[in-house]
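Worksheet: one structure, shown below.
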Amino acid sequence: MQAWQVHENGEPSEVMRLADVARPVPGEGQVLLKVRAANINFPDVLMCRGHYQVRPPLPFTPGVEICGETEDGRRVIANPALPHGGFAEYAVADAAALLSAPDSLDDAEAAALHIGYQTGWFGLHRRAHLEAGETLLVHAAAGGVGSAAVQLGKAAGATVIGVVGGADKAAVARELGCDVVVDRRSEDVVAAVKEATGGRGADVIYDPVGGEAYTQSTKVVAFEGRIVVVGFASGTIPSPALNHALVKNYAILGLHWGLYNTKNPKLVQHCHEQLTELAARGAIKPLISERVPLTGAADAVQRLGDGVTTGRIAVVPTGVQA
């Protein structure tokens, strides 16, 4: 079969190589899956660079999220068991963690209904307890993680403010349903959010960016607001001033979704049921901006790492319909 492999760490476009390799052999409790579509995530970029908390042995195949097909023909959503990731024609995954792919979504959309949406659901509902009528601010609102949070926020009845970088991404954020869109490249984010909220600020702030975005969050978080720290796509990890959190009376909440797979897997299944229901009634639908063939995976991963993509990019192996 064909699979992308990383033999040394570096930029994805430089270290990902497409090769003919043997199909992976499932271990105990694992299943072999035909990859119908693989969704590109920021952890794929970080793993290529050697900067992710999980460091699979070299060589490895990136791709942490797929819609696959079991040997008996079932469509499932899975996180491949590294080092046999999803940017390949076949992958392996833990049988106990397979989730049914919703009938309402095609393969590429189903592949994207997992990490980003689970992270959004846990962040907004489990950690921040977002309520209808509250104001939600989402950084990088046109990206894969941000777009999921926008849709989930709207589905929960929140007023959503999306922060983006550039006019093209602003247009995408509006299409996603943001009530207010702030272009950080041409607007003062703090001033714009304060104006949009009458000076009150946002009740919940969803931050997959870190760096300057986190600093802005602390300036516009409302009384008893919650800042959900999801990731650091900017490459800069903030150092929170806890005296500031005390004085303004807000909470800083960390979210590492992957921990729920080991700490409380039943919650992951419950979340998937909620997401499936929302997808069935059209309240959420993964934004797939591109579907690329397997041969285009390295370039697509690099573009995600460079911050020039919107929504999700799905890798569709040759001969598989998505």
Side-chain angles (χ1 to χ4, degrees), residues 1-9 12-48 52 54 56-103 105-116 144 286 288-305 309 312-322:
M1 70 165 191
Q2 284 197 310
W4 285 92
Q5 291 199 313
V6 174
H7 289 264
E8 60 186 9
N9 294 126
S13 62
E14 298 173 0
V15 300
M16 287 178 61
R17 304 171 194 166
L18 189 59
D20 288 313
V21 300
R23 287 186 189 180
V25 178
E28 185 176 352
Q30 295 181 331
V31 293
L32 179 70
L33 298 173
K34 181 179 182 180
V35 178
R36 297 177 65 99
N39 178 42
I40 299 177
N41 286 267
F42 201 67
D44 296 315
V45 177
L46 296 178
M47 276 192 287
C48 286
Y52 196 52
V54 176
L58 298 169
F60 69 90
T61 297
V64 297
E65 182 176 47
I66 68 169
C67 175
E69 183 179 327
T70 63
E71 291 182 336
D72 58 4
R74 289 185 300 128
R75 287 172 72 236
V76 296
I77 296 171
N79 297 128
L82 299 174
H84 303 296
F87 300 151
E89 292 179 304
Y90 288 86
V92 295
D94 293 334
L98 298 181
L99 300 170
S100 298
D103 293 334
L105 303 178
D106 66 25
D107 293 337
E109 292 165 343
L113 190 78
H114 195 31
I115 297 174
I288 306 299
S289 58
E290 295 181 68
R291 290 169 167 81
V292 302
L294 186 59
T295 54
D299 174 69
V301 175
Q302 185 65 57
R303 285 187 285 120
L304 175 63
T309 62
R312 291 295 192 186
I313 301 178
V315 176
V316 184
T318 304
V320 179
Q321 296 299 314

Write down the atom of L105, the atom of A110, and the distance for their closest heavy-atom approach.
-> CB-N, 3.9 Å
To the nearest 0.5 angstrom, please state how far the CG atom of N39 sits from the CD1 atom of I313.
-> 9.0 Å
For V15, the side chain to side chain contact (heavy atoms under 4.5 Å, CB included) test, sequence neighbours excluded, returns V6, E8, C48
Return the set of residues passing salt bridge (charged side-chain N to carboxylate O under 4.0 Å, His left out) with R75 (not counting sequence neighbours), or none when no residue passes.
-> D107
Side chain to side chain contact (heavy atoms under 4.5 Å, CB included) partners for P59, two or more places apart | Q5, H7
Hits for side chain to side chain donor-acceptor pair (under 3.5 Å) against N41, two or more places apart or cross-chain, chain-then-number order -> E65, R312
Just jot down the side chain to side chain donor-acceptor pair (under 3.5 Å) partners of N79, sequence neighbours excluded, or say none.
-> H114
Distance, nearest 0.5 Å, that separates CD of E14 from CG of N9 = 12.0 Å
Going by heavy atoms in the side chains, are M1 and D20 under 4.5 Å from each other?
-> no
CA sep, side-chain torsions, deciding dist, call: F87, V35, side chain to side chain contact (heavy atoms under 4.5 Å, CB included) | CA-CA 8 Å; F87 300 151; V35 178; over 6 Å; no
How long is the span from the CG atom in L33 to the OH atom in Y90, to the nearest 0.5 Å?
-> 10.5 Å
Taking all non-hydrogen atoms of both residues, which atom of L32 and which atom of P24 are closest, and how far apart?
-> CD1-O, 3.6 Å
Any residue meeting side chain to side chain contact (heavy atoms under 4.5 Å, CB included) with L82, in chain and number order, not counting sequence neighbours = M47, V54, P56
For R17, check side chain to side chain donor-acceptor pair (under 3.5 Å) against everything at least two apart and list the hits.
-> none
What's the verdict on side chain to side chain contact (heavy atoms under 4.5 Å, CB included) for W4 and L294, showing C-alpha distance, side-chain angles and the deciding distance?
-> CA-CA 8 Å; W4 285 92; L294 186 59; 3.8 Å; yes
Under the side chain to side chain contact (heavy atoms under 4.5 Å, CB included) rule, collect the residues that match up with R74, sequence neighbours excluded.
-> T70, D72, V76, L98
Using a strict cut-off of less than 4.0 Å between a Lys/Arg side-chain nitrogen and an Asp/Glu carboxylate oxygen, indicate whether E71 and K34 qualify as a salt bridge.
-> no
Look only at the side chain of Q30 and the backbone of G27, and say whether a donor-acceptor pair between them is shorter than 3.5 Å.
-> yes
For G305 and F42, the nearest pair of non-hydrogen atoms, with its separation, is CA-CE1, 4.2 Å
Could you list all the salt bridge (charged side-chain N to carboxylate O under 4.0 Å, His left out) pairs where at least one residue sits in residues 79-90, not counting sequence neighbours?
-> none
Flag the pair D106 and R36 as a salt bridge only when some basic side-chain nitrogen lies within less than 4.0 angstrom of an acidic carboxylate oxygen.
-> no
Look up atom CD in E109 and atom SG in C67, then write down how far apart they are to the nearest 0.5 Å.
-> 10.5 Å
Over all heavy atoms of both residues, which pair between I66 and A91 is shortest? Give the atoms and the distance, please.
-> CD1-CB, 4.4 Å
Are the side chains of D44 and V64 in touch, meaning some heavy atoms are under 4.5 Å apart?
-> yes
Measure the OG1-CD1 distance between T309 and I40 for me, rounded to the nearest 0.5 Å.
-> 8.5 Å
Do the non-hydrogen side-chain atoms of V292 and V316 ever get within less than 4.5 Å of each other?
-> no
Closest approach of S100 to I77 (non-hydrogen atoms, all atoms of both residues) = O-CD1, 4.2 Å
Please name the pair of heavy atoms, one in P317 and one in A88, separated by the smallest distance, quoted to 0.1 Å.
-> CG-O, 3.7 Å
State which residues pass side chain to side chain donor-acceptor pair (under 3.5 Å) with D103; sequence neighbours excluded, sorted by chain then number.
-> none
